[in-house]
Chemist: 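Have a look at the structure that comes next, please.
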Amino acid sequence: MSQISINERNTPEQEIGIMKRKISENGTEVVSNGTTKKHKNDVEYFLSYADVELHRTMIEDQKRTNTYRDAIMKGAEKWIKGKVVADVGCGTGILSMFCAQAGASKVYAIEASDIGLHAKKLVEANNFNDVITVLIGKAEDLELPEKVDVIVSEWMGYMLLYETMLPSVLHVRDRYLKSGGKMFPERAVLHMALGETQWITKYEESAFDFWVSLQHLYALDMSILADHAVTKYKDTVHVHMVAQEDIMSFPTVVCDLDLYSVKAEDLAEITHEFSLSSMGNRCLNSLVLWFDVMFPEGVKLSTSPDEEDTHWQNTVLTLPDCRVKQDSLVKGTIKISQDDSYYRHLKLELEYSVDNQEMIRRHFKMDDNCVESDS
Ligand SMILES: C[S@@+](CC[C@H](N)C(=O)[O-])C[C@H]1O[C@@H](n2cnc3c(N)ncnc32)[C@H](O)[C@@H]1O
């Protein structure tokens with residue numbers, strides 16, 4: 001999970017300076033390639049994760065945190081007890097400490113942001129110093145002293161792929177996971193369905209009411225801004241919960257990732273052809289995406305609209321309103337790739353037709369503007 005925003009008072013260059021200073025004061029090491037774009041992106045990203053509030057948001061999501069805990073505890077006897085674990089992106093070290101509670105003989109807790117300094121103190125405060133070693137730096141740059149039996153990581157961003165953290169986990173997997181070793185989670189599935197999302201309709205109604213009501217208040221006709229406000233809301237990505245009854249088709253699987261074999265290259269661009277059949281006479285106004293991840297021993301974490309909310313919520317792509325009938329066919333292709341200007345953001349290219357009518361093409365950008373509070 002991430003809110004990729006930097007301190008508004010500083011430019012990215014100033015932030016880089018601050019981060020470098022912080023790093024040298026702390027005596028830890030970060031590999032720097034000067035101020036390349038990727039490096040700047042990473043500096044911004046890891047600065048956001050230095051904020052304890054972000055870790056609170058994740059840990060407060062009890063469904064998330066308890067599912068990881070259940071998976072570790074259920075798999076304790078078979079996979080964790082007496083085993084060597086790497087926790088990629090340990091944050092506060094909470095998952096590493098669960099592994100220590102489950103009897104791991106050694107845990108390498110890897111963290112690139114300054115929250116890792118707090119993880120070190122937390123490990124000490126909980127008397128896990130003999131089991132957990134916190135390593136501060138990017139997972140790609142660190143040397144582990146041995147191979148590991150298990151990799152634990154909470155790497156999922158909004159819509160599964162936002163943040164592009166999975167390649168870092170795969171890097172550790174390819175370098176350090178013993179043959180036959182276990183991944184927690186071991187599979188990730190991204191789903192998508194047609195939506196008649198009510199909060200979009202409500203937003204549109206309230207925009208119209210507001211701009212039209214100014215006639216009475218100020219004797220001015222500002223109603224044309226209503227159209228503008230509604231149009232502005234279209235073709236955008238929103239992180240927001242969707243009510244179960246707003247889903248108007250069975251879902252399609254956009255990607256199903258086997259985390260033992262998937263490669264970073266497979267993630268750079270994901271293309272999925274879909275054919276979704278609508279249920280009922282309704283107004284299609286969105287595509288709704290969510291993900292599930294699966295752990296060993298049958299433990300599953302689902303962020304579906306059918307399930308209890310998580311901090312990942314659902315991801316909603318707003319579309320032009322279109323009336324559809326029972327069994328109308330919405331056919332098309334969705335392509336998800338990394339944004340050229342910030343590889344942790346995403347670009348979504350969509351083309352679709354309804355009942356074989358003309359093809360509609362839409363482009364979306366998934367960046368920090370898409371993250372909003374639920375209402
Ligand atoms: C979603 S948070 C999870 C934190 C913690 N594991 C938890 O479950 O509460 C991901 C963490 O991974 C760290 N991270 C992301 N990419 C990393 C990388 N390449 N190397 C080291 N840490 C990384 C981030 O700084 C962040 O603290």
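Just so you know, ligand 1 is whichever comes first in the structure, and atom 1 is the first atom listed for that ligand. In this text, all values refer to a predicted model and were calculated from it rather than measured experimentally. Because only heavy atoms are used, hydrogens play no part in the values below, and waters and symmetry mates are left out as well, while side chains stay in. Numbers here are sequence positions counted from 1.
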Chemist: Under 3.5 Å, N or O to N or O, is I59 touching ligand 1 that way?
Modeler: no
Chemist: Can you list everything that forms a side chain to side chain contact (heavy atoms under 4.5 Å, CB included) with A268? Sequence neighbours excluded, please.
Modeler: none
Chemist: Under 4.0 Å between a Lys/Arg side-chain N and an Asp/Glu carboxylate O for K178 and E146?
Modeler: no
Chemist: Closer than 4.0 angstrom: is that true for some heavy atom of T92 and an atom of ligand 1?
Modeler: no
Chemist: By ring-ring contact (aromatic ring centres under 6.0 Å, His included), which residues pair with F295, not counting sequence neighbours?
Modeler: Y68
Chemist: Do other residues, nucleotides or ligands put more than 12 heavy atoms under 6.0 Å from E273 CD?
Modeler: no
Chemist: Side chains of T197 and D246 only: does a donor on one sit below 3.5 Å from an acceptor on the other?
Modeler: no
Chemist: Report yes if the distance between the aromatic ring centroids of H228 and W211 is under 6.0 Å, otherwise no.
Modeler: no
Chemist: Could you tell me which atoms of ligand 1, counted from 1 in the order shown, lie closer than 4.0 angstrom to a heavy atom of Y45?
Modeler: 15 (C), 16 (N)
Chemist: Taking atom CG of L217 as the centre, report whether more than 12 heavy atoms of other residues, nucleotides or ligands fall under 6.0 Å from it.
Modeler: yes
Chemist: Any side-chain donor paired with an acceptor under 3.5 Å for N314 and H240?
Modeler: no
Chemist: Can a cation-pi geometry be assigned to K106 and Y108, taking NZ or CZ under 6.0 Å from the six-membered ring centre and within 45° of the ring axis?
Modeler: yes
Chemist: Give the contacting part of Y68 toward ligand 1: side chain, backbone, both or neither, where contact means a heavy-atom distance below 4.0 Å.
Modeler: neither
Chemist: Would you tell me which option among R344, E111, H311, E140 has the nearest heavy-atom contact to atom 27 (O) of ligand 1?
Modeler: E111
Chemist: Is ligand 1 under 4.0 Å from a heavy atom in the side chain of S168, in the backbone, in both, or in neither?
Modeler: side chain
Chemist: Would M58 count as a polar contact of ligand 1, with the cut-off being nitrogen or oxygen pairs under 3.5 Å?
Modeler: no
Chemist: Looking only at heavy atoms of S96, does any of them come nearer than 4.0 Å to an atom of ligand 1?
Modeler: no
Chemist: Counting heavy atoms only, which part of W155 comes closer than 4.0 Å to ligand 1: side chain, backbone, both or neither?
Modeler: neither
Chemist: For ligand 1, indicate whether the residue E154 contacts it via side chain, backbone, both or neither (heavy-atom separation under 4.0 Å).
Modeler: both
Chemist: Is there a side-chain hydrogen bond (donor to acceptor under 3.5 Å, both in side chains) between D339 and H345 once you walk through the steps?
Modeler: CA-CA 5 Å; D339 188 76; H345 290 172; 5.3 Å; no
Chemist: Pick one of side chain, backbone, both or neither for how M156 approaches ligand 1, counting any non-hydrogen atom pair under 4.0 Å.
Modeler: neither
Chemist: Heavy atoms only: which of R64, H55, M165, E163 is nearest to atom 7 (C) of ligand 1?
Modeler: R64
Chemist: I need the contact type for C90 against ligand 1. Using non-hydrogen atoms and a strict under-4.0 Å cut-off, is it side chain, backbone, both or neither?
Modeler: backbone
Chemist: Below 4.0 Å from any atom of ligand 1, is there a heavy atom belonging to H171?
Modeler: no
Chemist: Is the shortest N/O to N/O distance between A139 and ligand 1 below 3.5 Å?
Modeler: yes
